[in-house]
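Here is the structure we will look at.
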Amino acid sequence: MAEVETLNMIQALNSALDLFMEREERAYVLGEDVGFFGGVFRVTEGLQKKYGARRVFDTPLAEAGIVGMALGMGLAGLVPVAEIQFADFVYPAFDQIVSELAKYRYRSGAQYTPRVVLRMPCGGGIRGGHYHSQSPEALFIHTPGLRVLMPSGPFEAKGLLLGALAGPDPVIFLEPKKLYRAIKAEVPKGWYTLPLDKAAVLRHGQDATLVAYGAMAPAALEAARLAEEEGYDIEVIDLLCLMPFDLKTLVHSVEKTGRLVVVHEAPRTCGFGAELVAAVQEKAFARLEAPPRRVTGFDTPFPYTLEDHYLPGPERILHALIETLEY
Amino acid sequence: MSEPNLPFSILNEDGSCPERYRALLNDADLLAIHDMILFSRHFDRRMMMLQRQGRLGFYMTSTGEESTMIGATFCLKPDDPIFLSYREIGCLLWRKVDLRLIMNQLIGNSRDLCKGRQMPIHFCFREWGFPSVSSPVGTQLPHACGYAYAARELATGQVCLAFLGEGTASEGDFHTALNFAGVFRVPCIYLIRNNGYAISTPEAAQTAAKSLAARAAGYGMPGLQVDGNDLLALVNAMRWAVARARDGEGPTLIEAMTYRMGAHSTADDPSAYRSEEETARWAKVDNLARLEHHVRWRGLYDEARKQEALARHEETVRALIADSECWPPPPLDSLFEDVFEHANAHLLEQREEYLRFLAWKARRRAGEMAEAARG
Ligand SMILES: Cc1ncc(C[n+]2csc(CCOP(=O)(O)OP(=O)(O)O)c2C)c(N)n1
């Protein structure tokens, strides 16, 4: 048995970065406030002290610079891990991500294969208003050339981040900040990786398939528990990997249950749920017994005071489940 | 285009100033500004307390930088637009924005003009010349250039002022805005509050240059570096820049050297990245303390007046808090309004679905209660 420790998500991410920097001397960490301070959420705490200010450094306040510089370091053979302080502040770097990072391998005929991981806290539930709450995953999933991951707990966070760091592709690593300190779990002390294309079935069930990721995964589990009280047996799938996503597991589940409910925080229209529903329908249309259903944020900017109405919670998910089950 | 020879500081350590600068501010204005800074500082203190008590979601103080924002606002006409970054509540206070509206924004209640949609301190008060604060830093800077261009086209005579922190001067939007402003010679002033830190990152990690004001040369505009803790020096520089802008001579970059005396925000603890010794050193040259020396030197102020002012300010803030806390949150419908002029079909359907959920939830609660009563 591997040795385990009880960590929250921040500690688990920190442990992954630490192990990776120890193993890979070409690994560098950069971003706003990540060096001396250890990051505003303290994910990089202690790394500068341990690995020095050349490998773990604060940048000027400029996201386009952070991503562009990380990409340049990657072209030269280093393995940079850059932090964007909040996913909401990634947009100054959008050009560098979409036009450059995502396409470099392809447009150079794989002469250049930069390994760059961009970590960014995302999601709502911390009363952060418009700009400390958004979930931009669909923008990146829609950009060919980027892997997109979103863990839902400490164990997943460490295993996915190590997998991302060790892998050959650019990765957008989205960290649901609401969960940063909310959940503690047993995490192996040493190195382990989770596959970058596999979903986790959190709960097996016969009556409907409930798909979620990030902070919506625990909400979905809770909804399934509430549904059980009403006599329903729900299968809950935590995607973990958004690009590529584990369509096989989804289709397999829906072929069994015949019903699909997808949950995410981001606005509905053109949200990732649209892709999930379409992809499952293409494979399992004949087995569906009710229209697939999305439970999502609204097509509005992320609100402040009325945040609790905007964010899907267990009861709202339960309601959608029941409507789908009673269809 | 070349810089005038304006002094970096005017106020002496003992509160005196050279006679020729005394007329920069008459006694009445000086006292009014001092009183406003005192209020601003008291307001900051009370909001921090409120946040710690869990009655306010978030706050950012401007403690230590008040002269910069209030002095700059003082130099403008009331209808000159000010593009805030976020740490400039003093501008609102000087323009006499209804304090209840400020408080309602902070709480995000139903009386907030922005309908509780933005985080605290993300103010927007069109009536008083304040376009909306936005979290992504630096985005307001090109807006100020565009507004100033429009003001000239529309012959409104307005001059724009845009604030930013020194960290924000590293963003691409800073470069874009100043380059555009220089090219189009717009009536716009860019005012950097160089308070030493961007969260934990010291100024030295933002730029290898000795001064940010020096960048102005690269944009074809004058750049002034002034002591931001010296109200008179700040007003002197601002007046020069405003006159220039009004005369159609184009933009100016001002860098006000000051210090962020408090935490970055209520989510920050600066003891992790800067020394108490440093903070204490800056407290000695705090802008409010220096201004107080000056008003006392002019013979306008004494301890009794100060105590009277503090008591008055506390009474004002206490009443404000009480008022703002008695309003409910904004109505649910406000969530779906203002995305467009009219909610589109997607939004209407989402609203309908959500209302269906709320009705179901209410029935479910009622059912549970009935069951509990029977049981
Ligand atoms: C584009 C963007 N990146 C990052 C942040 C997070 N952030 C908020 S304030 C801040 C520091 C800003 O420092 P400065 O411009 O010096 O202003 P100050 O807070 O010192 O007044 C940072 C990094 C942000 N708001 N926007």
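Chain identifiers are assigned alphabetically (A, B, ...) following the order of the sequence lines, protein sequences preceding nucleic acid strands; residue numbering begins at 1 within each chain.
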Are there donor-acceptor pairs under 3.5 Å across chain B and chain A? List atom names and distances.
from	atom 1	to	atom 2	distance (Å)
B:G108	O	A:T305	OG1	2.6
B:G116	O	A:T305	N	3.0
B:G116	O	A:T305	OG1	3.2
B:R117	O	A:Y304	N	3.2
B:E171	N	A:L61	O	3.4
B:S200	N	A:D33	OD1	2.9
B:S200	OG	A:D33	OD1	2.7
B:T201	N	A:D33	OD1	3.2
B:T201	OG1	A:D33	OD1	2.8
B:Q206	OE1	A:L61	N	2.9
B:Q350	OE1	A:D299	N	2.8
B:Q350	NE2	A:D299	OD1	3.3
B:Q350	NE2	A:D299	OD2	3.2
B:E353	OE1	A:R268	NH1	3.2
B:E353	OE2	A:R268	NH2	3.1
B:Y354	OH	A:H309	ND1	2.6
B:R356	NE	A:E323	OE2	2.9
B:R356	NH2	A:E323	OE1	2.7
B:R364	NH1	A:E315	OE2	2.9
B:R364	NH2	A:E230	OE2	3.3
B:R365	NH1	A:E315	OE2	3.0
B:R365	NH2	A:E315	OE1	2.9

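When each of B:A169, B:P330, B:G138, B:P329 is checked for heavy-atom pairs under 4.5 Å with chain A, B:P330 comes out on top.
Contact of A:F86 with chain B is not made at all, since no heavy-atom distance falls under 4.5 Å. Residue B:L332 touches chain A through both its backbone and its side chain, counting heavy-atom pairs closer than 4.5 Å. Of the atoms belonging to B:P331, it is backbone heavy atoms, and not side-chain ones, that fall under 4.5 Å from chain A.
Heavy-atom contacts from other residues, nucleotides or ligands closer than 6.0 Å to CD of B:E276 number 12 or fewer. Heavy atoms of other residues, nucleotides or ligands lying less than 6.0 angstrom from CE of A:M69 number 12 at most.
Within the model, atoms CG of A:L306 and CZ of B:F336 stand 9.0 Å from one another, a figure rounded to the nearest 0.5 Å. Distance CZ/A:F298 to CG/B:L347: 9.5 Å, rounded to 0.5 Å.
Of all heavy-atom pairs spanning A:F37 and B:A272, the tightest one is CE1-CB, 3.7 Å. Nearest heavy-atom pair, B:G167 versus A:L61, reported as atom, atom and distance to 0.1 Å: O-CB, 3.4 Å.
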